[in-house]
Amino acid sequence: AAAAAGARGGAPLNPAPVPTLNFPGGDLPGMPVVAASANACAALCAANPECLLYTFHRSGCSYDKTHCSLSGGGCCWLKAQVVPASGPVVNNCTDSAFMRLPPTTFRPLAPPPTQAKHVLYILVDDLRPELETYGQSNLTHHAPHIAKLAKSGLVFDNAYCQIAVCSPSRMSFLTGRRPDKAAIYNFINHFRQSDCGLNMGDTTLSGAVLRSEKIGNCGWSDPTAACGGSGQCCSLCSQDARCKAWTYTVDRTCTLRSELGSKAFAKGAVSGVLGQNMSTHAAWTSLPQHFNNHGYLTMSTGKIFHTEEGGSLNVDPELNGEGMPPNMDPPSWHSGLSMRLVNAVAPMNACDMRGNSTCPVDASIDGIVTHPEHTTQLCDKDIGNEAVALLRLAAANSKATGQPFFLATGFRKPHLPFRFPAPFLQVLPNLENVDVALHPTLDPSQPSIAHHDDTPQLTPWDPPAKSVAQQWRLYYRAAIAWMDSQVGRVLQELEDLGLVNDTAVVFHSDHGWSLGEHGEWQKFSVFEHGARVPLIMRVPWLPQMAGLRTSVLAELIDVFPTLNDLMNVPFVAAESGDIDGKSLVPVLQNPTDKALSNALKPYALSQYMRCPADKSKPWQLNACLFTDRTQFPYFGYSIRTADYRYTEWVEFNGTDLTPIWSRQVANELYTHVGDQGFDFNLFENVNQNTTLPDVRHVMSELLHQAIANQTVLWRKMPRN
């Protein structure tokens, strides 16, 4: 029955329409037609087997230069599809809903488990655990809906990302692999690319040329975008049976060769061998894809995988286009039920924080822009609207067919720019009363390579004006409050549909964020405020966890195996041994067992690279976001135990992508004894590496051992 529901012409599911939701384009012929109401429009869609969704525009209502010009009622558009680059959009005059599941030829590898439960997976961008749930006052912070979720779930006080930058972090936890195993560190590579093993930096080859192609046109508006870079070149070689080697140059040219030939130095060039018949990421199964394979209806809206960059020139058209992986990874979702081109549909429009700031938007507190003719919409309103529509569709489909669902909802705030409805400033302190970091500069004991300079201040030793720091902090918190309101909409919809008791909810961000501590802003670090994330899990059929907290060391790579274990959708044998994460279900089942919490994971690992333009100023221009991984000069590896954080900054071997421990640049040691995770001002302010030498020695050995245990051995194998 579940599979039949996906066929065109299947029985209408008829979920309730969502106010302010509009799906432009994809119309059936002869649209619009007159309808007296949204329900009447729904009836027309239900009667037409070609209609998958509809939009109704009320008569006499005008918004964002749209109106209904038909007489005798409102305008009803019956639609055959969602146009990926067009919708959904916010319109205060419209109501929309899905009527049927889009058709699909996909057939799951296995049926869903007996009495399967649902999954609501909520991801947030750039959110550090600075919430009431994590000890903040509701007089200075405002996220009541996340707090409500926490009261019915389990809060993880010590959860960590594996790399503090959006795309690599998401591809890490959505595949359950650490960044070193995925060899994904920045905005160039993604896990659907082939992996060609040992790449050669600053090297060109002389082998006979099959063809040369310019990598680009990946759907991203930036003409300098790498669009997959050397990883894309490796993939193109793997798709050509004649190709044995390849070279990628800084002008984005990919040269495929029929033989390796000799090697020669070429600054910035990267060369490698064929990626077929080797360990390849493209065969990995993502978290949502795993549920798709087990018969779940998998859907997404917003930012789940990364939204920028992308791929081009691939044989498979689904691997060409914007996003990492391109098009939000179609194998992960039911066809037609994922937001493929997030930047086109829910863009993060710019705002100016200086002077008369445009970041507080003239809009209602529920996100309806007052003057859409000259003010762009708020991206999380688009995402929240579609999440509600997908939930209603999934609930109706589950009732009709018994098919469980997996809905991933990715809100974009509080990522910069901090754009939010202006009324949210009324629930936060006035600007002059906003606190600032107590340690706004890098201490002399802390190495400058630990710092990233994408900040509102010039150097890590020169703090910004207090008013500037206050505005950044206030607007960050306002963006959180706005995002929280949309999280609340989705959770309330789950409750209104009567699905709370049958749905596991997982909430977390992709990494932390810095707000001036040690002169650090944004992410791009291995400091505690860059690596630590909020993580909340609610599992109603495990009532013993409700309203509790756990101090277990958790990593985002643990989410994948936890959900598989929790929902009884196990890995296939070939993949189970390759996942780096560990199931946290024992903690969910026994949240008060301190011995279990202490024994489950002895440490959490995070890492970040550094590519300074001037090595004498390692804190400047050092993010490595568009530097080929073979060219990274330095990497920071950090290990967090219950009591300490220890970090080593070392030179990096760009050939086999491993740290050179013998070439250490700096190290950091911080005690976290007594750290309850509620105040970033209290810890990591002074490097203790010289005052606690015995601890440093033990932590260094533990770090080296942990990294050795996760090394991909095949990458060290010799090549012809």
Side-chain angles (χ1 to χ4, degrees), residues 15-35 37-38 40-42 44-45 48 50-70 73-103 219 221 299-303 307 321-323 327-328 333 335-349 363 367-390 392-393 409 412 486:
V18 178
T20 74
L21 176 61
N22 178 30
F23 285 105
D27 302 337
L28 291 172
M31 296 296 115
V33 295
V34 175
S37 65
C41 185
L44 294 174
C45 186
N48 186 335
E50 295 297 309
C51 181
L52 296 183
L53 66 158
Y54 64 90
T55 290
F56 174 75
H57 194 295
R58 294 186 297 281
S59 176
C61 183
S62 178
Y63 185 80
D64 200 9
K65 302 179 183 178
T66 67
H67 62 278
C68 176
S69 59
L70 299 180
C75 291
C76 174
W77 283 268
L78 307 184
K79 299 173 180 291
Q81 64 173 332
V82 176
V83 179
S86 298
V89 298
V90 176
N91 191 311
N92 206 27
C93 296
T94 62
D95 305 270
S96 298
F98 292 95
M99 180 59 66
R100 297 172 172 86
L101 297 187
S221 58
M299 310 164 291
S300 77
T301 182
K303 182 177 177 179
T307 45
E322 180 181 327
N327 305 304
M328 289 292 107
W333 317 105
S335 178
L337 295 180
S338 66
M339 188 181 283
R340 292 169 63 109
L341 299 175
V342 181
N343 284 330
V345 176
M348 294 196 300
N349 295 299
I368 301 298
V369 171
T370 305
H371 299 290
E373 62 276 7
H374 57 71
T375 303
T376 53
Q377 296 290 344
L378 294 148
C379 55
D380 280 351
K381 179 67 173 179
D382 286 309
I383 294 165
N385 274 352
E386 188 171 48
V388 170
L390 290 172
R392 293 180 181 181
L393 174 69
T409 301
R412 306 200 72 172
Q486 296 307 294

| task | Could you grab the distance from atom CG of Asp64 to atom NE2 of His374, nearest 0.5 Å is fine? | result | 11.0 Å

| message | Would you say that Leu53 contacts Cys45 through its side chain, given a criterion of any heavy-atom pair below 4.5 Å between the two side chains? | response | no

| What residues, two or more places apart in sequence or in another chain, satisfy side chain to side chain donor-acceptor pair (under 3.5 Å) together with Ser59? | none

| task | Supply the atom-to-atom distance His57 NE2 to Ser96 OG, rounded to the nearest 0.5 angstrom. | result | 10.5 Å

| Which heavy atom in Met348 sits nearest to a heavy atom in Cys379, and how many Å separate them? | CG-SG, 4.1 Å

| message | I need the minimum non-hydrogen distance between Val345 and Asp382, along with the two atoms involved. | response | O-OD2, 3.4 Å

| message | Return the CE to OG1 distance between Met31 and Thr55, rounded to the nearest 0.5 Å. | response | 11.5 Å

| task | Measure across Gly384 and Gln486 and return the closest heavy-atom pair with its distance rounded to 0.1 Å. | result | CA-OE1, 3.9 Å

Atom pairs and distances, side-chain donor-acceptor, residues 73-87, under 3.5 Å, sequence neighbours left out:
| residue | atom | partner | partner atom | Å |
| --- | --- | --- | --- | --- |
| Lys79 | NZ | Phe23 | O | 2.7 |
| Lys79 | NZ | Gly25 | O | 3.1 |
| Lys79 | NZ | Asp27 | OD1 | 2.5 |

| Worked verdict on Cys51 versus Leu28 for side chain to side chain contact (heavy atoms under 4.5 Å, CB included) | CA-CA 8 Å; Cys51 181; Leu28 291 172; 4.1 Å; yes

| field | Audit row: Leu21, Val388, side chain to side chain contact (heavy atoms under 4.5 Å, CB included) steps and yes/no | value | CA-CA 10 Å; Leu21 176 61; Val388 170; over 6 Å; no

| Would you say the side chains of Arg412 and Asn343 form a donor-acceptor pair under 3.5 Å? | yes

| request: Would you check if Thr375 and Thr370 make a side-chain contact, meaning some heavy-atom pair closer than 4.5 Å? | output: no

| note | Scanning both residues in full, the closest heavy-atom pair of Glu386 with Phe98 reads OE2-CZ, 4.4 Å

| request: Mind checking the CG-CG spacing from Asn91 to Asn22? Nearest 0.5 Å is all I need. | output: 5.0 Å

| Closest heavy-atom pair and its distance - Trp333, Met328 | NE1-O, 2.7 Å

| Which value, rounded to the nearest 0.5 Å, describes the distance between Glu373 atom CD and Lys65 atom NZ? | 7.5 Å

| said: Can you tell me how far apart CE (Met339) and CE (Met299) are? Round to the nearest 0.5 Å. | reply: 13.0 Å

| So which heavy atom on Val90 is nearest to which on Lys381, and how close? | CG2-CG, 3.4 Å

| task | Test Thr20 against Ile368 for side chain to side chain contact (heavy atoms under 4.5 Å, CB included), laying out the working first. | result | CA-CA 8 Å; Thr20 74; Ile368 301 298; 3.7 Å; yes

| query | Less than 2.5 Å separating the SG atoms of Cys93 and Cys61? | reply | yes

| message | Using the salt bridge (Lys or Arg N to Asp or Glu O under 4.0 Å) criterion, which residues pair with Asp95? Sequence neighbours excluded. | response | Arg58

